[in-house]
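What you see is a predicted model; the values in this text were computed from it and never measured. Scope of the values below: all heavy atoms of this structure, side chains included, with no hydrogens, waters or symmetry mates. A, B, ... follow the sequence lines: proteins, then strands. Residue 1 opens every chain.
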2 protein chains.
Amino acid sequence: MNDLSLTRASLRNHLFAKMRPDDWSLIAPLLEPITLKERQVVEVPGKPITHVYFIETGVVSVVAVNADDHRIEVGVIGKEGMTGVPLVMGDNKAQHSAYMQIAGNGFRMAATPFVEALAKSVSLTAVMLKSAQAFMIQTAHTALANGRAKLEERLARWLLMAHDRMDTDAVPLTHEFLAVMLGVRRAGVTVALHSFEQRGFIAMRRGQLTLINRSGIEQVAGSFYGMPEAELKRLMAEVV
Amino acid sequence: MNDLSLTRASLRNHLFAKMRPDDWSLIAPLLEPITLKERQVVEVPGKPITHVYFIETGVVSVVAVNADDHRIEVGVIGKEGMTGVPLVMGDNKAQHSAYMQIAGNGFRMAATPFVEALAKSVSLTAVMLKSAQAFMIQTAHTALANGRAKLEERLARWLLMAHDRMDTDAVPLTHEFLAVMLGVRRAGVTVALHSFEQRGFIAMRRGQLTLINRSGIEQVAGSFYGMPEAELKRLMAEVV
DNA sequence: CCCACGAGGTACGATTTCGTACGAAAAAAA
DNA sequence: TTTTTTTCGTACGAAATCGTACCTCGTGGG
C-alpha cells in the first residue's frame with residue numbers, strides 16, 4: 001500500500017472515509033488488500049479473531065451458532081463496516097461464524113496491530129465504537145424480526161439489507177442459503193420468492209435473483225426494515 | 001454516598017467489583033442510590049439517555065420496538081450489568097425501551113459525568129466495554145432463540161436468565177408480561193407454564209411463579225441457554 | 001453430447017403458534 | 001362484604017411453518 005493518502009478517496013468502505021487523516025495513516029500501512037470469495041470464512045466461533053476485515057464490496061454474514069448447531073444470521077456487514085467487533089470491545093474471541101455470503105473484496109488488518117492502533121487513538125476508537133453500535137442495533141432488530149415477522153417480511157428485509165451493500169441488483173444466492181440465514185426451510189423461501197416474482201418485485205434465475213422493484217420489497221418488509229439503516233446513517237454522520 | 005470504599009464490598013453489582021480502586025473513586029461520588037419499582041422506565045426509545053443504572057437487585061427488560069409497535073425483548077440486565085450501553089459506544093440515544101421487569105434497587109449516575117469518567121479512564125472504559133460486549137452476545141442469542149426455538153424453550157430460557165439475576169426463586173410476573181417479552185400470546189405462555197408445572201419444574205400462583213426444579217427448566221431450554229452466560233463469566237474474569 | 005448433480009418447484013400431513021374469545025377465579029377496591 | 005378488575009384456564013378454527021419427499025430442470029464436467 002503506497003501513497004495511501006491518494007487512494008483513500010477511491011475506497012468504498014465508509015469507515016475509511018470517516019477516519020481522521022492521522023488515524024488513517026495509522027491504519028493504512030497495515031491494510032492488506034484481499035479478495036473475498038463466496039463462502040470464505042473470516043471468523044470461526046470460539047476461535048481468536050486473527051484479522052479485521054474492512055469490506056469494500058460483497059456481504060458478510062454473521063451467524064450465531066449454539067451447542068446444538070442451531071444457527072441463524074444475526075447481522076450482515078458490507079461496505080458500511082467491518083468484521084471483528086469483539087476486538088473493539090476488548091475481546092479477541094469470535095462469538096459467531098462469519099463468512100462471505102456475497103463475494104467481494106476489501107482490506108484486512110491483523111488483530112494485534114488493530115488493537116494497538118485503537119489504544120493509540122481515541123478518535124479512531126470512537127469511529128469503531130460507532131460502527132459496533134450500528135451493528136448492535138442491527139442485531140437487535142434481527143431479534144425483533146425473528147420473533148415477530150413472517151417469513152416474507154424477514155426475507156424482504158434480508159434482500160433489502162443485502163441490496164444496500166451491493167452495487168448491482170443481482171443477488172447471487174441460492175434459496176438454500178437464504179433459508180440457512182433466516183433459519184427457515186428452503187422450500188419456504190422458494191414459495192416466498194415466487195410470490196415476490198409474481199408481484200413483479202424480483203426476477204429469478206438458477207442461483208440468482210434480481211431486484212426489479214425495490215419499493216415493492218420495502219413494502220413487504222414494512223417496519224421491519226429501516227430503523228437500523230437510519231441509525232447507521234445517524235451514527236456515521238456524527239463522526240467528524 | 002459517604003465512605004464509599006467501605007461500602008463497595010457490600011454492593012452486589014458485578015461491575016463495581018471489577019473496577020479498579022481509582023476508577024471506583026471516580027464513579028462512586030456520583031452514584032445515586034435508587035429504588036427501582038416494577039415497570040419503572042429507565043430508557044425511552046429515541047430519547048437521550050439521561051442516566052446509566054447499575055442494578056443491584058431486580059431485572060431490567062430491554063425491549064426493541066419498531067415503527068409499527070411490534071416489540072420484543074432483546075435482553076435483560078441485572079446485577080451483572082448496567083443500562084445505557086449506547087453511552088459506552090459514544091452514542092447518547094436510547095435505541096430500546098428499558099424498564100424494570102422485576103423491581104429492585106441500584107444506583108444511577110447522570111449520563112454526562114458517566115461519559116466524562118469514561119473519557120478519563122481507559123481501564124474504566126475497558127470494564128464497560130466488556131459489559132457491553134456481554135450484552136451484545138446476549139442479544140445475538142436472543143435473535144437465535146427467537147428464530148429457532150419453540151415457545152417452551154424460549155420461556156425456559158427467559159426464566160433461567162431472570163433467575164440468574166434474582167435472589168429468590170419466586171418470579172413475580174404475570175403470564176401477560178412474559179408473553180410481551182417473548183412476543184407470543186399470553187395464552188401460549190399459560191399453556192407452557194402449565195406444562196412446566198405438571199412436570200414439577202415450577203409452582204404457580206396468580207401473578208407469580210416459583211422455580212422448583214431449575215435443572216428441569218435447563219433441560220427444556222437446552223442449548224438455547226448457557227452460552228451468553230458462560231461468555232459473561234469469561235469476559236468478567238478477564239478484567240483484572 | 002450426455003450425464004450427474006445441484007437447484008428449484010411442489011405437495012402433504014403434522015406441528016406450532018396465532019387471534020380471539022369467554023368464563024372462572026383470585027385479588028383489589030369500594 | 002360486595003363489586004370491580006385483573007389474571008388465568010381453556011377452547012376453536014385459522015394461519016404459518018415445518019419436515020420430508022419426490023420430481024424436474026438447468027448447468028457444468030466428463
Measure the distance from CD on Glu38(A) to P on dG6(C) and round it to the nearest whole Å. 15 Å
Counting only heavy atoms not in Gln219(B), do more than 12 fall under 6.0 Å of its CD? no
Residue pairs passing the side-chain hydrogen bond (donor to acceptor under 3.5 Å, both in side chains) test where at least one lies in residues 175-186 of chain B, sequence neighbours excluded: His175(B)-Thr190(B), Arg186(B)-Thr190(B)
Val85(A) and Met136(B), any side-chain heavy atoms less than 4.5 Å apart: yes
In whole angstrom, what separates Arg148(A)'s CZ from dT16(C)'s C1'? 16 Å
Select base, sugar-phosphate, or nothing to describe what Gly147(A) touches, counting heavy atoms under 4.0 Å on all strands. nothing
Distance-only, no hydrogens or angles: does the Ser61(B) side chain make a donor-acceptor pair with backbone N or O of Val63(B) under 3.5 Å? no
Using atom CG of Leu151(B) as one end and atom C1' of dT15(C) as the other, report the distance to the nearest whole Å. 13 Å
Can you check the Asn146(A) CG to dT17(D) P distance for me, whole Å? 12 Å
Output all residues satisfying ring-ring contact (aromatic ring centres under 6.0 Å, His included) with Phe16(A), sequence neighbours left out; order by chain, then residue number. Trp24(A), Phe54(A), Phe107(A)
Remember a base hit wins even if backbone is also touched, and classify Gly188(B) as base, sugar-phosphate or nothing at under 4.0 Å, heavy atoms. nothing
Sorted by position of nearest nucleotide on DNA chain C, 5' first, the leading residue of Thr190(A) and Ala149(B) is Thr190(A)
With the threshold set at 4.0 Å, does a side-chain nitrogen-carboxylate oxygen contact exist between Arg214(A) and Asp164(A)? yes
Tell me which residues in residues 171-182 of chain B put a heavy atom below 4.0 Å from DNA chain D, sorted by number, or none. Thr174(B), His175(B)
In whole angstrom, give the distance that lies between atom CD of Glu153(A) and atom P of dA15(D). 16 Å
Give the rounded distance in Å between these two atoms: CD of Glu152(A) and P of dA15(D). 15 Å
Identify each atom pair where a protein N or O and an N or O of nucleotides 20-30 of chain C are less than 3.5 Å apart, giving names and distance.
residue	atom	partner	partner atom	Å
dA26(C)	N3	Arg206(B)	NH2	3.2

Indicate yes or no: does Arg234(B) engage Glu231(B) in a salt bridge with an N to O separation below 4.0 Å. yes
In whole angstroms, how far is the C1' atom of dT7(D) from the CD atom of Gln208(B)? 14 Å
Strictly distance-based, threshold 3.5 Å: is any side-chain N or O of Glu43(A) a donor or acceptor partner for the main-chain N or O of Gly84(A)? yes
Can a donor-acceptor pair be found, under 3.5 Å and without considering hydrogens, that links the side chain of Asn146(A) to the backbone of Ala143(B)? yes
Look only at the side chain of Asn13(B) and the backbone of Glu56(B), and say whether a donor-acceptor pair between them is shorter than 3.5 Å. no
Measure the distance from NE2 on His70(B) to C1' on dG19(C) and round it to the nearest whole Å. 13 Å
Scan for ring-ring contact (aromatic ring centres under 6.0 Å, His included) pairs involving residues 191-233 of chain A, sequence neighbours excluded, and state none if there are none. Phe224(A)-His70(B)
Quick check on the helix from dC1(C)-dG30(D) to dA30(C)-dT1(D): what's the angle between its two end axes, five base pairs per end, to the nearest 10°? 40°
